[in-house]
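Working notes, beginning with the structure itself.
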There are 2 protein chains.
Amino acid sequence: MKRPDIGEIARRAGVSRSTVSYALSGKRPISPEKRDKILRLVEKLGYRPNASARALAEGRSRTVGLVIPPLSHRLVDAQLAFVAVLTELASSVDLDVLLSPSTGDDDRSFRRMLNGGRVDGVLLMEVRMNDERIAALEESGVPYVLIGRPADPTGLHWVDIDYGGLVERCVQHLADLGHRNVALLNRSAELVAAGYGPARRAVAALEAAAARHRLRAHPICCADDTAGGEAGMKQILEMRPRITAAVTINESALQGVSRALDRSRVRVPRDFSLVGVVGERWAEDFHPRMTAAVVSPAELVRSAFAMLLERIADPGAEPRHVLQSPSITLGGTTGRAPRG
Amino acid sequence: MKRPDIGEIARRAGVSRSTVSYALSGKRPISPEKRDKILRLVEKLGYRPNASARALAEGRSRTVGLVIPPLSHRLVDAQLAFVAVLTELASSVDLDVLLSPSTGDDDRSFRRMLNGGRVDGVLLMEVRMNDERIAALEESGVPYVLIGRPADPTGLHWVDIDYGGLVERCVQHLADLGHRNVALLNRSAELVAAGYGPARRAVAALEAAAARHRLRAHPICCADDTAGGEAGMKQILEMRPRITAAVTINESALQGVSRALDRSRVRVPRDFSLVGVVGERWAEDFHPRMTAAVVSPAELVRSAFAMLLERIADPGAEPRHVLQSPSITLGGTTGRAPRG
DNA sequence: CTGAAAGCGCTTACAG
DNA sequence: CTGAAAGCGCTTACAG
């Protein structure tokens, strides 16, 4: 009951192996009778071309690689979206997805993905400001697209969310409402330390905007979970009444933020304003609905995948990039600064 | 600057290709000088064996497949754990992970994974009570382990969480506290309709336990998100004071559950008792900490992976299974039924 | 301890 | 429209 190979099909159909191959690929005209006979046999015997043999002969694997961050940084919702959406997209064009965990430290899995001809292209997520994996990708010659971008993205292919610009816009919004002391509820200290782009750019943007609007900036890191959010928000609320508003980019902490506000009996937006750069579901789940720049990781990965396909098709293509920068949707969490 | 192949290494080292191969695999003794020379060249030129060629020659791919549910059912936290943990585990033993989305309806990606020799083993998640993908797996001859189990799991290799037993235990706990009308806040109606194991077994167990304890069962489906949880819980609370307690297996709905309780000014556990079958982080994030059977998807996937490796190594191995059934940890969400 | 060669199962010029 | 054959880059008996 072993799986038949192409030779078995050819034998039974009374044709050569090349005829079977061409009948299946459609790369050359085959007489209708032979074609039908072959296709019937393929169906009946459940023949599928061996992927390795095909990859070896064709020189491509019909597989794209996705490099995911290791478990140690708790994976957040947006990352799940990357995996799930990419898998669906790839499957819709008959590509497979190969996963590799990697920080970039050493990582055999990552090198294997690059050098063994396992994949035709790579999507690298969680890019850091200074990310040595980019050099490895570059050297490997495998087409790739970054989700996120390093400090200097010149000449690279990437998609990203404009955390810098969005945080600035959030601060601007708060400044317009009269807030003079604004906190940033950032991602975790570990991510900041690791040079994680969004976290770093959020801080930089906060400070730049604060300088421009002549207000005080208070960046706070917090773990990507409820406990982290509660602790971070509590810390901020202790600085009331000086601090009257916060910007957050930490979706996963929001439930804790909410709880801290409740516990401190601080009412939003009367006593305190909150504006976020978060996914739709997070903005919506907040109560009241959060004033936020609503980002879409799914959309981002869609762009990245499209770019990757282009690049695979035309390896010499000019570097392109997509910077997602949605405008702020007003919700019920921001209002005029309370009177000092 | 093209990647060197094994022949290039052999030429430069002045040995045959087989010697290079054996030096790398260690499957046959090589004289130290040649070995060193070869390894140095491999290092210097960055040689990695071509994965397809190796897979073709060896007859195995050093890759395991993970079949994930399609996006349409929103992926929940536990599913992310499966992906992330499996990827790390696999990478720790130099295996790659190939992803495939599938419900089992038609799905080329799934069939491709099975029949193209792409993977040495498969982990299938989100198994339904009556899941035709199992027959496809069986027929393919590829070793596999199910995460979840069908109605009749006899002779199969699987790991699962004992939702049935756990829900029964939860009902028992509530019965002991004097509750006579108990609701079940289940997963979504779609999942129930699709025959999703945990959702189906939860209902069956609820009803069985209700019969045994002579109490009334009220199963309610709710979407796997905050809005769903809020709606579901609201529906249940409207049946107060008759219904005094609920069991939930829907982690993703908990934030909404919490909100519905707050809005209705129902105090837990004084006015209403809640007990869950949920992951640690969900039990912990609830306020007060939830009385719950705390399940661990990460642990489950660890068992599944270990079983898969065993099965790959010994395809004729006896069917094994693991049924996770943690005891209930008391939290602050269950108490005596309020006086009717 | 080592090498020449077959073979894994495809695809695709080459020749007709 | 079709077939015989080379070749993709490995691994592993086979022979020494």
Side-chain angles (χ1 to χ4, degrees), chain A residues 2-39 41-42 45-63 94 96 112 114-120 141, chain B residues 2-39 41-42 45-63 94 96 112 114-120 141:
Chain A
K2 223 182 127 286
R3 290 275 146 204
D5 67 5
I6 197 173
E8 177 73 16
I9 304 294
R11 207 168 309 122
R12 300 213 191 190
V15 300
S16 72
R17 303 190 306 155
S18 51
T19 298
V20 175
S21 178
Y22 285 119
L24 255 26
S25 70
K27 288 187 182 168
R28 143 173 137 173
I30 305 288
S31 73
E33 313 85 69
K34 296 200 175 179
R35 228 181 73 85
D36 287 356
K37 188 161 190 182
I38 289 167
L39 294 184
L41 278 164
V42 163
L45 303 183
Y47 167 73
R48 307 284 143 160
N50 177 286
S52 303
R54 167 187 276 182
L56 184 58
E58 285 192 329
R60 59 173 178 148
S61 62
R62 297 168 185 261
T63 302
D94 284 341
D96 288 320
R112 212 164 51 219
L114 300 191
N115 299 318
R118 261 179 179 72
V119 297
D120 298 334
Chain B
K2 225 181 125 288
R3 291 275 146 202
D5 67 5
I6 197 172
E8 177 71 16
I9 303 294
R11 206 168 310 119
R12 299 215 192 190
V15 301
S16 73
R17 302 191 307 154
S18 51
T19 299
V20 174
S21 178
Y22 285 119
L24 254 27
S25 69
K27 288 187 182 169
R28 144 170 136 172
I30 304 289
S31 72
E33 311 85 70
K34 297 200 174 179
R35 228 181 73 86
D36 287 357
K37 188 160 188 180
I38 290 167
L39 295 183
L41 278 164
V42 163
L45 303 184
Y47 167 72
R48 306 284 144 162
N50 178 286
S52 303
R54 166 187 278 182
L56 184 57
E58 285 192 328
R60 59 171 179 154
S61 61
R62 296 169 186 264
T63 302
D94 285 342
D96 287 321
R112 213 165 51 221
L114 300 191
N115 299 318
R118 262 178 179 72
V119 297
D120 298 333

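No experiment lies behind these values; they were computed from the predicted model shown. Chain letters run A, B, ... following the sequence lines, proteins first, then strands; residues in each count from 1.
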From C-beta outward on [X], which listed nucleotide comes closest to its side chain: [options]?
X: B/E58; options: D/dG9, D/dT12, C/dC10; result: D/dT12
X: A/V15; options: C/dC10, D/dG3, C/dG7; result: D/dG3
X: A/A53; options: C/dT12, C/dC10, D/dG3; result: C/dC10
X: B/N50; options: C/dC10, D/dA13, D/dG9; result: D/dG9
X: A/P29; options: D/dC1, C/dT2, D/dC10; result: D/dC1
X: A/S16; options: C/dG3, C/dC1, D/dA4; result: D/dA4
X: B/D5; options: D/dC10, D/dA6, C/dG3; result: D/dC10

Residue pair B/T19 / B/S16, side-chain donor-acceptor N/O under 3.5 Å: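 The criterion, which ignores hydrogens and geometry beyond distance, is satisfied for B/S16 and B/T19.
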Atom pair [atom1] ([X]) and [atom2] ([Y]), whose distance is rounded to the nearest 0.5 Å:
X: B/S61; Y: A/N50; atom1: OG; atom2: CG; value: 9.5 Å
X: A/L24; Y: A/R35; atom1: CG; atom2: CZ; value: 9.5 Å
X: B/L39; Y: B/K34; atom1: CG; atom2: NZ; value: 14.0 Å

C/dT12 versus C/dG16 - spacing of their C1' atoms, nearest Å: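 After rounding to an integer number of Å, I get 16 Å for this pair.
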Within 6.0 Å of CZ in A/R112, more than 12 heavy atoms from elsewhere: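 Above 12, so yes.
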It should be established whether [X] places a side-chain nitrogen or oxygen under 4.0 Å from OP1 or OP2 of nucleotide [N].
X: B/K27; N: D/dT11; value: no
X: B/S21; N: D/dC10; value: no
X: A/Y22; N: C/dC10; value: no

Pair pattern of DNA chain D in dot-bracket, where unpaired bases get dots and | marks partners in another strand, Watson-Crick or G-U under 3.5 angstrom: |||.||||||||.|||
Sugar-phosphate only, base, or nothing, as touched by B/T19 at under 4.0 Å among non-hydrogen atoms: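 Contact class for B/T19: sugar-phosphate only.
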Check against side-chain contact (heavy atoms from CB on, under 4.5 Å), B/K37 and B/V15: CA-CA 10 Å; B/K37 188 160 188 180; B/V15 301; over 6 Å; no
Heavy-atom donor-acceptor pair, A/S21 side chain to A/R17 backbone, under 3.5 Å: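 Flag not set: sc A/S21 to bb A/R17 has no pair under 3.5 Å.
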Check: A/S18 side chain, D/dA4 base, donor-acceptor under 3.5 Å: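 Yes.
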Side-chain donor/acceptor contact of B/R28 with base of C/dT2 under 3.5 Å: yes
Residue whose nearest DNA chain C nucleotide is more 5′ - B/K34 or B/L56: B/K34
